[in-house]
Participant: 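This structure is in structure tokens; I'll ask about it shortly.
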There are 2 protein chains.
Amino acid sequence: MTPNVTMQDVARAAGVHTGTVSRALNEATRDRVSADTLRRIDKAVRDLGYVPNPIARSLRTATSNTVGVVIPDLTNPLFPPMIRGIQSVLDSRGFSPLIVSTDYDPQREAAAISALLARQVDGLIVATARLNDPTFERLADQGTRIVMINRRLGGRDLDSVTADDETGMGLVISHLAELGHERILCLAGPQDTSTGVARLRGFRSAVESHGLDRDQKLIRICESWTTEQGAIQLTSALDENIPFTAVVAATDLIALGCYDAMAERGLSCPADLSVAGYNDMPLMDRLAPPLTSVAVPQFDIGREGARLFLAGMDDSDRLPRTILLPVSLSIRGSTAPPV
Amino acid sequence: MTPNVTMQDVARAAGVHTGTVSRALNEATRDRVSADTLRRIDKAVRDLGYVPNPIARSLRTATSNTVGVVIPDLTNPLFPPMIRGIQSVLDSRGFSPLIVSTDYDPQREAAAISALLARQVDGLIVATARLNDPTFERLADQGTRIVMINRRLGGRDLDSVTADDETGMGLVISHLAELGHERILCLAGPQDTSTGVARLRGFRSAVESHGLDRDQKLIRICESWTTEQGAIQLTSALDENIPFTAVVAATDLIALGCYDAMAERGLSCPADLSVAGYNDMPLMDRLAPPLTSVAVPQFDIGREGARLFLAGMDDSDRLPRTILLPVSLSIRGSTAPPV
DNA sequence: TTGAAAGCGCTAACAC
DNA sequence: GTGTTAGCGCTTTCAA
């Protein structure tokens, strides 16, 4: 690889000892070195093309300047912008993200987390929280720095950054109510996640406050956040002949499944049924028809999550913070007045 | 964090020395330890919940079981599936990818690569190659293991996995020719990349072999692989009043730009103009209209790239291999006979 | 087959 | 302000 020039070499070239070189190269201790020595060391570093070995540093300091980023699925367009947000903050502080994809599988998640901890990450930014999973609280108790993004835990809250799901759902329902819809089908997400629960709660309270039909049959829980589940649930709702004129999905992928189910039945959107999604992922504005959706600030979620993480690094006993980011409604062609 | 149990602790518990523990825990040297000792060590490991510290291991062995993955843009839907492919292979061998996003910026790329090398990655899987960039050849000469995916280098070829771009472009042109198009506009990609060049070459030779119009004005080079460039280039082609009935874009994003430019002019696709993309990214089948595109095996590109990487790890002086993966054409609503 | 010992490159007490 | 010293946790000669 690189011709390994070590701190020893620099020390020799500058005529000082490695301890001094270390001090000179460290932001925090740099001022404890005389200006002249500093100059000689800097020159030696440049001349030799010295680049510090972070492995050795990590071994000594037991910190790795590395943070594990736990994502359910990299190919879900929701997450890449969050990762970008995370990287934008981490880069500026010399931290590197170690990204793992868990495929929504608790087993894989556990394995991935063990691997990350073994690699001595300085903490975790986690987008896969489930409500009744003690894993992260336990880790936090053991001193692992953890920030939840996208979803929160059930019990004691750790640092978290999520979008305001209840409000978001309220925006959709207001919009549909204004269009004149009275019976709205809700395809809720898995209820073992904070987003699944919060969006459903938002649906319920908005339906109530707008005086819409509160028929329990208008609520169906998807088993997963997938297109397939969206199609299955809408199909079976249609099969049951429950009347409704609009459907709001807990996520854009579920809404895509609605498109599929409707296509299969020869139904057209929004003529036969209005459809709204959630998250406003990239490309949702280009679908046929363009999807009305709640826009969540994906990049910002990542960015704020990383900031929270760094803040925690700087001050270990801060109280956990819960950040709720604002959402907005992107109104498009998939929603229209009922016929 | 974790109550740090070290190899020392295991050695003590098993009544042996650390050297023996090390041998026992290493696949390659495990058979040089007696069955009895092995048992005691394994028991101690379990009892104490010992997990090896890869940092210390890396410092000693100068390998990190880590590979840098250099991606231009994580939010480009083309890349996440490749990363999945990479992870699927790396996981099984205990390697971790270190993913960096360069934003198509050579400066950021250089910085990212330095950081990766400093972190002692065992090599690089690179999706950002440019034709006349000596960086990677130089690194390879210095002994860094490198696999190019998605794009290749210009000169001496390193290990690489790409899709068969010339053939792919041929498929599109054949399709359009069969529909009856004779003047096809090509929005080629940047010519400093192998994909940009190969797809344009494929266009030229297919146009020739089908006896279509070879007007040089029907070829325009985009400055970047972006929606914006697609819109700009199509708009200016339309402004110049060059006649054409179809446009083939070097990439789906460029094709999306064509959709935008056409919308702005009130043109409709495919009635006024057929449009074809390249890569067949996720969701392209759901656009309005669904985009005809060349499907490249994104996951497989990543997977084969990672395999090549591991093969190189196992046998340092293999000859570089160039893998060309087959493509197929996804015919959809954006292409139709000219009117 | 196992033990002893050295050292990967760095940081951090502690002296001076 | 700088040198000295002692490791961080592991692997790998070399002997026994």
Side-chain angles (χ1 to χ4, degrees), chain A residues 1-42 44-45 48-66 94 117-122, chain B residues 1-42 44-45 48-66 94 117-122:
Chain A
M1 295 272 188
T2 349
N4 271 334
V5 23
T6 78
M7 195 175 264
Q8 274 283 1
D9 303 324
V10 176
R12 214 171 356 243
V16 295
H17 279 244
T18 60
T20 310
V21 176
S22 174
R23 278 186 288 261
L25 265 32
N26 231 303
E27 223 23 273
T29 49
R30 198 177 169 79
D31 49 354
R32 305 167 122 248
V33 176
S34 79
D36 184 48
T37 314
L38 218 50
R39 219 172 358 254
R40 290 211 316 286
I41 290 175
D42 282 346
V45 165
L48 298 166
Y50 169 72
V51 21
N53 181 334
I55 304 274
R57 179 180 223 282
S58 291
L59 181 58
R60 182 62 232 245
T61 61
T63 70
S64 60
N65 272 27
T66 260
L117 294 177
R119 280 194 193 275
Q120 309 283 106
V121 292
D122 294 334
Chain B
M1 295 275 186
T2 349
N4 270 334
V5 24
T6 78
M7 194 174 263
Q8 275 283 1
D9 303 323
V10 175
R12 216 172 353 246
V16 294
H17 278 244
T18 60
T20 309
V21 176
S22 173
R23 279 186 287 261
L25 264 30
N26 231 301
E27 223 22 272
T29 48
R30 199 175 168 79
D31 50 354
R32 303 165 122 251
V33 176
S34 79
D36 185 49
T37 314
L38 218 49
R39 222 178 348 263
R40 290 212 316 286
I41 291 175
D42 283 346
V45 164
L48 298 165
Y50 169 71
V51 22
N53 181 333
I55 304 273
R57 178 180 224 283
S58 292
L59 181 58
R60 182 61 231 242
T61 61
T63 70
S64 61
N65 272 26
T66 257
L117 294 178
R119 279 192 194 275
Q120 309 282 106
V121 293
D122 294 334

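Letters A, B, ... are given to chains in the order of the sequence lines, protein chains preceding strands, and every chain is numbered from 1. Note that this is a predicted model, so its numbers are computed, not measured. Hydrogens, waters and symmetry mates play no part in the numbers below; they use all other heavy atoms, side chains included.
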Participant: Between C/dG9 atom P and A/Arg12 atom CZ, what is the distance in whole Å?
Facilitator: 11 Å
Participant: Partners of A/Thr29 by side-chain hydrogen bond (donor to acceptor under 3.5 Å, both in side chains), sequence neighbours excluded?
Facilitator: none
Participant: Using the test side chain to side chain contact (heavy atoms under 4.5 Å, CB included), find all partners of A/Arg60 that sit at least two apart in sequence or belong to another chain.
Facilitator: none
Participant: Give, for atom CD1 of A/Ile55 and atom CZ of B/Arg57, the distance between the pair rounded to the nearest 0.5 Å.
Facilitator: 12.0 Å
Participant: For residues 33-41 of chain B, which residues have at least one heavy atom under 4.0 Å from DNA chain C?
Facilitator: B/Val33, B/Ser34, B/Thr37
Participant: Encode nucleotides 8-15 of chain D as B, S and - characters from 5' to 3', where the letter depends on protein heavy atoms closer than 4.0 Å: B to the base, S only to sugar-phosphate, - to neither.
Facilitator: BBBBBB--
Participant: Dump the intermediate steps for salt bridge (Lys or Arg N to Asp or Glu O under 4.0 Å) on A/Asp36 and A/Arg39, then the final yes or no.
Facilitator: CA-CA 5 Å; A/Asp36 184 48; A/Arg39 219 172 358 254; 3.7 Å; yes
Participant: I need the A/Asn53 CG to A/Leu59 CG distance, nearest 0.5 Å.
Facilitator: 10.0 Å
Participant: Can you list the residues that meet the side chain to side chain contact (heavy atoms under 4.5 Å, CB included) rule with A/Pro52, with sequence neighbours excluded?
Facilitator: A/Tyr50
Participant: Looking only at non-hydrogen atoms, find the nearest pair between A/Gly15 and A/Arg40 and report the distance.
Facilitator: O-NH2, 4.1 Å
Participant: Side chains of residues 18-28 of chain B: which donor-acceptor partners sit under 3.5 Å, not counting sequence neighbours?
Facilitator:
none

